[in-house]
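These notes concern the structure reproduced below.
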6 protein chains.
Amino acid sequence: MSALTTAIREQLEQVSVATLTTTLFKRGLRNQLIQAVLPVCRTGGKRKLIGPAYTLRYMPAREDLNKLDVFRDREHPQRKAIEECPPGHVMVIDSRKDARAASAGGILITRLQERGVAGVVTDGGFRDSPDIGQLDMPAYHLHPAPPTNLTHHQAIDIDVPIGCGDAPVFPGDIIFGDDEGVVVIPAHLAAECAQEAVDMTAFEDFVTEQVKAGRSVLGLYPATDPRTPEEFAAWRKANGR
Amino acid sequence: MSALTTAIREQLEQVSVATLTTTLFKRGLRNQLIQAVLPVCRTGGKRKLIGPAYTLRYMPAREDLNKLDVFRDREHPQRKAIEECPPGHVMVIDSRKDARAASAGGILITRLQERGVAGVVTDGGFRDSPDIGQLDMPAYHLHPAPPTNLTHHQAIDIDVPIGCGDAPVFPGDIIFGDDEGVVVIPAHLAAECAQEAVDMTAFEDFVTEQVKAGRSVLGLYPATDPRTPEEFAAWRKANGR
Amino acid sequence: MSALTTAIREQLEQVSVATLTTTLFKRGLRNQLIQAVLPVCRTGGKRKLIGPAYTLRYMPAREDLNKLDVFRDREHPQRKAIEECPPGHVMVIDSRKDARAASAGGILITRLQERGVAGVVTDGGFRDSPDIGQLDMPAYHLHPAPPTNLTHHQAIDIDVPIGCGDAPVFPGDIIFGDDEGVVVIPAHLAAECAQEAVDMTAFEDFVTEQVKAGRSVLGLYPATDPRTPEEFAAWRKANGR
Amino acid sequence: MSALTTAIREQLEQVSVATLTTTLFKRGLRNQLIQAVLPVCRTGGKRKLIGPAYTLRYMPAREDLNKLDVFRDREHPQRKAIEECPPGHVMVIDSRKDARAASAGGILITRLQERGVAGVVTDGGFRDSPDIGQLDMPAYHLHPAPPTNLTHHQAIDIDVPIGCGDAPVFPGDIIFGDDEGVVVIPAHLAAECAQEAVDMTAFEDFVTEQVKAGRSVLGLYPATDPRTPEEFAAWRKANGR
Amino acid sequence: MSALTTAIREQLEQVSVATLTTTLFKRGLRNQLIQAVLPVCRTGGKRKLIGPAYTLRYMPAREDLNKLDVFRDREHPQRKAIEECPPGHVMVIDSRKDARAASAGGILITRLQERGVAGVVTDGGFRDSPDIGQLDMPAYHLHPAPPTNLTHHQAIDIDVPIGCGDAPVFPGDIIFGDDEGVVVIPAHLAAECAQEAVDMTAFEDFVTEQVKAGRSVLGLYPATDPRTPEEFAAWRKANGR
Amino acid sequence: MSALTTAIREQLEQVSVATLTTTLFKRGLRNQLIQAVLPVCRTGGKRKLIGPAYTLRYMPAREDLNKLDVFRDREHPQRKAIEECPPGHVMVIDSRKDARAASAGGILITRLQERGVAGVVTDGGFRDSPDIGQLDMPAYHLHPAPPTNLTHHQAIDIDVPIGCGDAPVFPGDIIFGDDEGVVVIPAHLAAECAQEAVDMTAFEDFVTEQVKAGRSVLGLYPATDPRTPEEFAAWRKANGR
């Protein structure tokens, strides 16, 4: 889990998906947001999803291969993934943006939480979503999807590179979520993006304070007025940031 | 209302859309969820929608046939349906998945409630949805749709087989809804699906308890470990289920 | 701001998007709802958005013209619009129904509020939407959109006629929003639609009261029973409406 | 078949879907085009589809009611419709815009042709479409749809009002198709729209001739220059139109 | 290539996608059509695509990993797949139904043909499609997609199970295409489906002949009239089928 | 018309949309293809569309502002654009990707041709498309759209920056189309992209010749084998390219 040090995690705790997408935009990466995915339960912005990606890939279900008894096989990739996703990681599921059937349900997601997994993201939907929304572990999806996953999905691959909500996800990428959605930070950029996001967040907090005090955004945001950087430096010092 | 006995209703009160879709999946029915439809107002999982289907079919509105004065006709199918939907039934509206205009509004839905109707479902949207969300009677739709239904819909048929959210709905089918959506149970399967769902719910509650206590899902869910059925039998006895 | 007198504003405070769309439908206007747009934060129906339209048009972003430093230009149309939208007006943004990237973020929307702007509507999405939802000024969008607007949008025109959510919007049209969405009232119809909506709302409140008392909608809504208009007249007098 | 006299039919033979939609637009009807439907085989504009509508309504297929042996029932609505659609009529199928499975196949459509039916339109797709495209009878659909209709469709109603490609279709409406698609002319407007379309077509042919000779459209189309009507009158006389 | 014997291939040469989907429907498989995919160039029904599947999986492109020089790597999965797809096989590409950028272009597809590959299918689009349409080897896609695949796709996996046009595709499944699209036949069903399709095709040819001679479909199709099977048996003998 | 010299035009005549999108991709521009737009009539690759962009912007139609008599106004932007688009230019229409109604019809497009305009592109559809397809001037759209443009579109702006098929289009950009679609080349890049595309086309013709002779793409395309550049240089000399 080298890409996610304690220092990086602490930095990420202070920032937002919006700010992180801008750090990636600056580096030429425009498609790292998992589009259209939202928290199963919003928490008023307090809860963050942070952890390295562990992936599960679904393909369309062929009916003869997806009867209920497939789950009796302990090697079935969905069950295997639930038991093997490393603690602290985020399970990211490629459901081909199809929420007609579930990506997983309450029992499996509860098991993930009990195993110490950091969270779960699908570009499909979860069943038992009212229960999942009550868990301490954050979960993200498109919308509730009550039918069993076997109706349309077959779990086929574990921890391979996938697409999720039109974003590329490689195992080990850092997954970050808040109340606006989920962004995928390439592992090698985690440290620099986290640091930059902390600095940007401080600046945006300063700007917001100024704007609430009646100041125009011109010259302030971005800081084209030469006094703005000076004022910000003073503000940082005064506010210990 | 033969398909929905008091016994079946009591069983259904204890189960979920998710579990019922699995009982239908086992019987080869994969498309009984009314896709994308959610409660106008979520209630934290406490309120269930249960009743036999009474249907209303809309077709696209032709402008000359859908001026405001059509409602002066007491035989207009929309108004007739509102006054004739039997108490205890669920009105299910085929709006062709089009929520650009309303399927119905606050006054008509309030009238349904006053008449003792069990609930209402459309694969379009309702207008006056904040008011509808405050009613005691559950209502399900895609999203708010303020314009009058005449803008895009003409009520044309009452209590015929319809499609709703890609699901087939026959008059008399048992409609069941919770916070995750609405499922259509063919009338002749209501008794056996309700019973099976009660049993499955007991087992899933047992499993959830075990998982929360730290147990792996392997061998437990499904119950491939021979001890699991024994433990479940003991749990049922102990918990009176 | 001639189209929106204090009298009209007071009338609009009492009515709903649903009722206003009907007044427009009667006048042959069927496409004035900004489709699919909802409040960033619902307020239980209490807050209304009212004001003349001031528009901002986006086009698809060409990468070389939309690097982060474009905002250093004080003439950049997005920043200019934020500083120039007249107090009391509603900024309406044509984002081509594309919420893959933001239409604007928390700082700019806060600045709008501080400047006395009445509200903001986009047929895309906002970033920092949890913050925007906490503002006193109402904001409407499709769903959260964390990436910077430069990712997919370039601000190109200020206060020209635009499309927003498939509705035509001309500068100066009266924008009205409640918890169900946003409707565009052509400026020249504002007075008559507001008056008519007040009357319709009174009648609908009367009808709702009757329906809650157990009366059928037939003859009542619409008022084809000759006693209904008489009863309504009495009710208005009794209730001071 | 009173709405479609020989005289009207002869007039319709000379006009186009485009011109007819304008005659309907003038009468306030904006949604009479069956959206997105094209000929299975284009014929270079020579072949027209003309006839009164005879409708077939599909609903979503429930698996247990749609096994292959349902066609052994001579009363099955799809087979019944094929044998009962009156000669000279156009079969219009409401497939809910779903072309994942066929609306019908080569054998049934050939039978329609042999029975003297004027044509067939679905807002889904046909299977065996290369064969259907070779028939003398015109057929319109979205795109080829090889799977049997039972996969997703159940025929449920014959000759009821339906929606097709977002257009309202009533039995007896006059269906008109050319290489650009299909328009639905309400029966009571057939005579006046046909006559008006003939006149408009003559004018447009005159205009096209003028434009090809280098004339500007200003003053010509529409004929705001007072000389234009005079020239057109002379042209009509000279060309026997 | 055990699933595709010469005998099976000869049988498949005589049948259609439509008939094969029915043989799969009878076996409970309803999703084996690769939805919406059509030949780059239609051939009037004469050319068939037949061969075992060899797959290529794309994921969304991350910009830093998909610059033009990646193709300098001889191990790049796209180039590797082009050189390693076995002769006689069909390359099936999972492009996540995204045709904004190409799945491949003229040079690579020409190379496939030169290597003896049987054909290529993508649920995205090809660039240089006019050239590809002129090849002897059949190719299927959604529509032309001129931009280089690197714009939106990264080749990531070779010969793994994939989804293509919502159908499940396993390496070795038999891929069959005609002018209506492409169907995926599970390897273990190839022999029985091919045989059954040959028989069904004979029957349908017999039926078509009867229908063209004026016979009703009732009793004929399906053959519920007891004389129909007798007549068909005689027809088969007479026609050597 | 400085961006499009005779030399550049001659170079463009030899290349393709596919190759030009690659030259733009190399420069960081990924969204210059007008998505989903195809020629009204394919010509087997022989006809090219080349010219600087002259734009027309549509907004959604408000019914009271879009009655048929609006065209009596000689200043109506649609008619004005038809008469003022400079010869040699390409008219590009922003129809908001809405082909439910026409962007223009046969008479106006014929007038464009007569005026010497180079071609026309809309991200909606044309009416009278069979006639438009017969013109010498190339036209591109989504699909036929018979209803008059007034049904859903109001022409509002001439020669402003627009979006078309999700691509940004600035007046004066060089528009290039072939049988696969249309690409927008920023004016300042026209010279270098045209030159580079000519070189790339020569190389791709060389490669295609080699591939057809049985050579592997490895080492050839891209030319990582050091002999490849030498062989290509020799081929260019031998073939006068």
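Labels below follow one simple rule: chain letters A, B, ... track the order of the sequence lines, proteins then strands, and each chain is numbered from 1. Everything numeric in this text was worked out from a predicted model, so none of it was measured.
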Task: Nearest atoms (heavy-atom pairs only) where D/Pro144 meets E/Glu180 - done: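 Shortest heavy-atom contact: CB-OE2, 3.8 Å.
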TODO: Evaluate whether atom NZ of E/Lys212 has more than 12 neighbouring non-hydrogen atoms of other residues, nucleotides or ligands under 6.0 angstrom away.
DONE: no
For chain E, find which of [options] contributes the most heavy-atom pairs closer than 4.5 angstrom.
options                                : value
D/Arg111, D/Lys67, D/Arg74             : D/Arg111
D/Asp69, D/Ile82, D/Thr110, D/Leu142   : D/Thr110
D/Ala102, D/Ser129, D/Ala145, D/Pro130 : D/Ser129

Portion of [X] that has a non-hydrogen atom of chain D nearer than 4.5 angstrom:
X        : value
E/Phe25  : side chain
E/Leu33  : side chain
E/Glu204 : both
E/Leu38  : side chain

- [ ] Heavy-atom pairs under 4.5 Å with chain D are the metric here; pick the option from E/Thr22, E/Asp166, E/Leu20, E/Thr208 that has the most.
- [x] E/Thr22
- [ ] Please state whether the side chain, the backbone, both or neither of D/Ala101 comes within less than 4.5 Å of a heavy atom of chain E.
- [x]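 For D/Ala101, there is no contact with chain E at all, as no heavy atom is under 4.5 Å.
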- [ ] Tell me, for D/Asn66 versus chain E, whether the close heavy atoms (under 4.5 Å) come from the side chain, the backbone, both or neither.
- [x]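 Answer is backbone: N, CA, C or O of D/Asn66 sit under 4.5 Å from chain E.
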Task: Exam field: side chain D/Arg79 to backbone E/Tyr221, donor-acceptor pair closer than 3.5 Å - done: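 It does hold such a pair.
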Task: Distance, nearest 0.5 Å, that separates CG of E/Asp179 from CG of D/Asp131 - done: 10.5 Å
Open item on the list: I want to check something: taking the side chain as every heavy atom from C-beta on, are D/Glu63 and E/Arg30 in contact at a cut-off of under 4.5 Å?
Closed with: yes
Task: E/Ser216: which of D/Glu83, D/Arg115, D/Glu114 passes side-chain contact (heavy atoms from CB on, under 4.5 Å) - done: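 Exactly one option meets the side-chain contact (heavy atoms from CB on, under 4.5 Å) with E/Ser216, and it is D/Glu83.
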Task: Partner of D/Arg127 under side-chain contact (heavy atoms from CB on, under 4.5 Å), chosen from E/Val17, E/Thr19, E/Thr21 - done: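 Only one option passes, and that is E/Thr21.
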